[in-house]
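Numbers restart at 1 for each chain; the letters A, B, ... are given by sequence-line order, proteins then strands. Note that the structure is a prediction, hence the values are computed from the model and not measured. Hydrogens, waters and symmetry mates play no part in the numbers below; they use all other heavy atoms, side chains included.
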Amino acid sequence: METRKVPPRKDGRIIIHFDYDCFYAAVFEAKNPSLKSLPFAVQQKQIIVTCNYEARRRGLHKLQLIREARKVCPDVIIELGEDISRFRDASKELYKFIRAYSWNGKVERLGFDEVWMDVTDMVDYNMQLLNPHNLAQSFFQTSQDDPMSGFNFDATALAGHPYPVEYTSQQQDLVVQDRLTLRLHLGSHLALYIRHALEQQKGYTSTVGISTSKLLSKLVGNLNKPKGQTTVMPPLAASDHGLGNAQLFMDTHGIGKVPGIGYKLATLLRSYITQRPPDYETDLVYGGKPEIVSVANVRNRSSVNPAMLEKLLDGPGSPHGIGYKIWCLLHGIDDTEVAQAKPVPSQISIEDSYIRLDTMPEVLRELTTLARSLLARMRIDLLAEDGVDEPAGVEDGGHEATITTSTLKKWLAHPKTLRLTTRPRQPLQPDGTRVRSFKRISHSSPVPNFVFILTESIDILAEKLVRETLVSMFHKLHPEKSGWNLSLVNLAVTNMAETGGDSKTARGRDIGSMLRRQDDVLRDFKVIEEDDVEEVPPSRLTGLAHRAHENGRVRDRSMRKDDVPKDPNIKVVDEVEEATPTNVVEIINDGEHDGGGTNGSMWQDEQEDGEEEEEEIRFDSDLQSCVDCGMQLPTFAMIAHRRFHAPS
DNA sequence: CGGGGGGACT
DNA sequence: AGTCCCC
């Protein structure tokens, strides 16, 4: 009984999940907009990896064989997308664009086309700026330093679609009773604002989900794509009235659709529920058939509980506590944090696949090619201009011979481990069939120091790396002289040792932005300091700011390719036109008209007439001291500030 | 069917 | 070094 207790919800965060619409196709379309109106698809080897919505309208879909695609839609335009550097570059550019809006640096990429952003601090800050008596004419401040930059919006309305669809907000008690609804409204308007910026300034459309966790925000976005956005609305938790919306939403999903439940776990869970071995015809999801086993099926089975799930799902390679984690996912609970933006990747890997690779000369050639690519990538992703803490960027990418400017560059991190991975094909069975295997084997060794020499050319270094390191690693993996029949080779550097240094880390940058924000808060405080000289004398303000600064500095030292198509269910027929709330027009126009509009800043209103008594009281009485660093802040800023001290 | 990644954990 | 997970 109590072993089946529903885990507690923690809905204190607001998280936005972005998913760029048909990303690979969009990268081509961004360069060649005429493709947008034509059926267009991107090919890797023998399959369509993605296609635009015009192509989908004509019956094409992801992971379709090229032959089939041409048969269904003979006039489809197809581009080869096996060189993924352009996608990687575009992905980084869009990621940086989105990250620039963040105040707390919690912006995490998944693959090339998804980004989570934890906007709790922005939302809560702006909650304090709301005028409870005129929510319909609100202003969202998007910059910590500039109270003028932001957008007008209607805080009584949600931007985009709600889940459930029939949801209507109870406007009367928005502020007092249902603070979460109001916070989600703010999150949805911020999401819309960033999404439109992405489209207008970068040319990419996206689909967005808004909720209180990574899990729910990612899943709920799927309800309105492409170029739509959806928010899971309260009540999220269960009550006397029935299931909460979080559970209602999770229950509709096939078990394998839940992020965190992959092929292996889904297969085990399905077999447990059906009490039979997997049947790929009925259990899986080709052609839009729903999965036969849903989240509700698993969750409602009385024998299912965290301990049981732990036993069922535990195995080599699976983490401890998996049973409880899955139990939480089934209930729509995911407390994992959006990761802080990292200054350097934790791994760089290059791979290629082959029809057949089994002689030493071929292997040497491929290893050299991969090594060249790897060294080039290291110089792109791990190098910064001297005195600049951003990676060097794409402009110097991959041009091995041009090292003349290298004296200006500096390594942000030194990977310590070099790893060589191969995937041998299984030999033919006696009956002539082949067991398909995705098993990889790998061998690691220390990264030799010479790869960091910037005055030497990448070609020379790559050959040296093959000769002195990779060949012997390869022999450890494959002692036989030949006949390995490799289908894949992967070369990677991992185990990044960041070049310590001051303010070179994301943490350091975060402290910097934190301090700017606090300066802001303190400056805003001066507006009302006349009313309360005792508590915050102007002379002390600078002292506090100074102390805050010192404190910051001290701290600173201190399936396998899936055997199952990942999204076989795509059956989008038409582009969904975003149900555009009226305030969208204001939002779009906001950047263009003069910043000082009618309600452009609540600060101004307060400064000019001071008639909003509630506001005055709030600002006068709420100074608190941080127990960690002693900084004095108003309550609303303390919320974000405490998160800054929290272990990440 | 099947590309070229990336990350967490044991 | 291998097994999971994700796109």
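Atom NZ of A:K342 and atom P of B:dG7 are 5 Å apart (whole Å). Atom NZ of A:K257 is separated from atom P of C:dC7 by 10 Å (rounded to the nearest Å). Separating the CZ atom of A:R423 from the P atom of B:dG4 is a distance of 10 Å, rounded to the nearest angstrom. Across the protein-nucleic acid pair, A:I255 atom CD1 and C:dC5 atom C1' stand 15 Å apart, rounded to whole Å. For the pair A:R440 CZ and B:dG6 C1', the interatomic distance rounds to 11 Å; values are reported in whole Å.
For A:E114, whose side chain is taken as the heavy atoms from C-beta onward, the closest listed nucleotide among B:dG7, B:dG5, C:dC7 is C:dC7. Closest to the A:E351 side chain, of the nucleotides C:dC7, C:dG2, B:dG5, is B:dG5. Taking only side-chain atoms of A:L110, from C-beta outward, the nucleotide of B:dG2, C:dC4, C:dC7 with the closest atom is C:dC7. Nearest nucleotide to the side chain of A:E82, out of B:dC1, C:dC7, B:dG4: B:dG4. For A:S353, taking side-chain heavy atoms from C-beta onward, the closest of the listed nucleotides C:dC5, B:dG4, C:dG2 is B:dG4. Here the nucleotide nearest the side chain of A:S349, chosen from B:dG5, C:dC4, B:dG3, is B:dG5. In the set B:dG2, C:dC7, B:dG4, the nucleotide with an atom closest to the side chain of A:L63 is B:dG2. Candidate nucleotides C:dC4, B:dG7, C:dA1 were compared by shortest atom distance to the side chain of A:L265, and C:dC4 ranks first. Looking at the side chain of A:Q347, the nearest of the listed nucleotides C:dC7, B:dG6, C:dG2 is B:dG6. Listed nucleotides B:dG3, C:dC5, C:dG2 differ in distance to A:K264; the shortest reach to its side chain belongs to C:dC5.
Interatomic distance, A:D459 CG to A:L375 CG, rounded to the nearest 0.5 Å: 9.5 Å.
Nucleotide B:dC9 forms a Watson-Crick or G-U wobble pair with C:dG2, both donor-acceptor distances falling under 3.5 Å.
Ring centers of A:F249 and A:Y163: under 6.0 Å apart, within the cut-off. The ring of A:F28 has its center closer than 6.0 angstrom to the ring center of A:F40.
Among the heavy atoms of the strands lying under 4.0 Å from A:I84 are primed sugar atoms or P, OP1, OP2 only; no base atom is included. Residue A:R377 is classed as a sugar-phosphate contact, given heavy-atom separations below 4.0 Å to backbone atoms only.
Comparing A:D352 and A:S346 against DNA chain B, the residue whose closest nucleotide sits nearer the 5' end is A:D352. Judged by closest nucleotide on DNA chain B, A:Y24 is the one of A:K325 and A:Y24 placed further toward the 5' end.
Taking the six-membered ring where tryptophan is involved, the planes of A:F474 and A:W484 are perpendicular, since the angle between them exceeds 60° and thus also 30°. Using cut-offs of 30° and 60° for the angle between ring planes, the A:F23 and A:Y20 rings count as tilted.
Between B:dG3 and A:R88, no contact under 4.0 Å exists linking OP1 or OP2 to a side-chain N or O.
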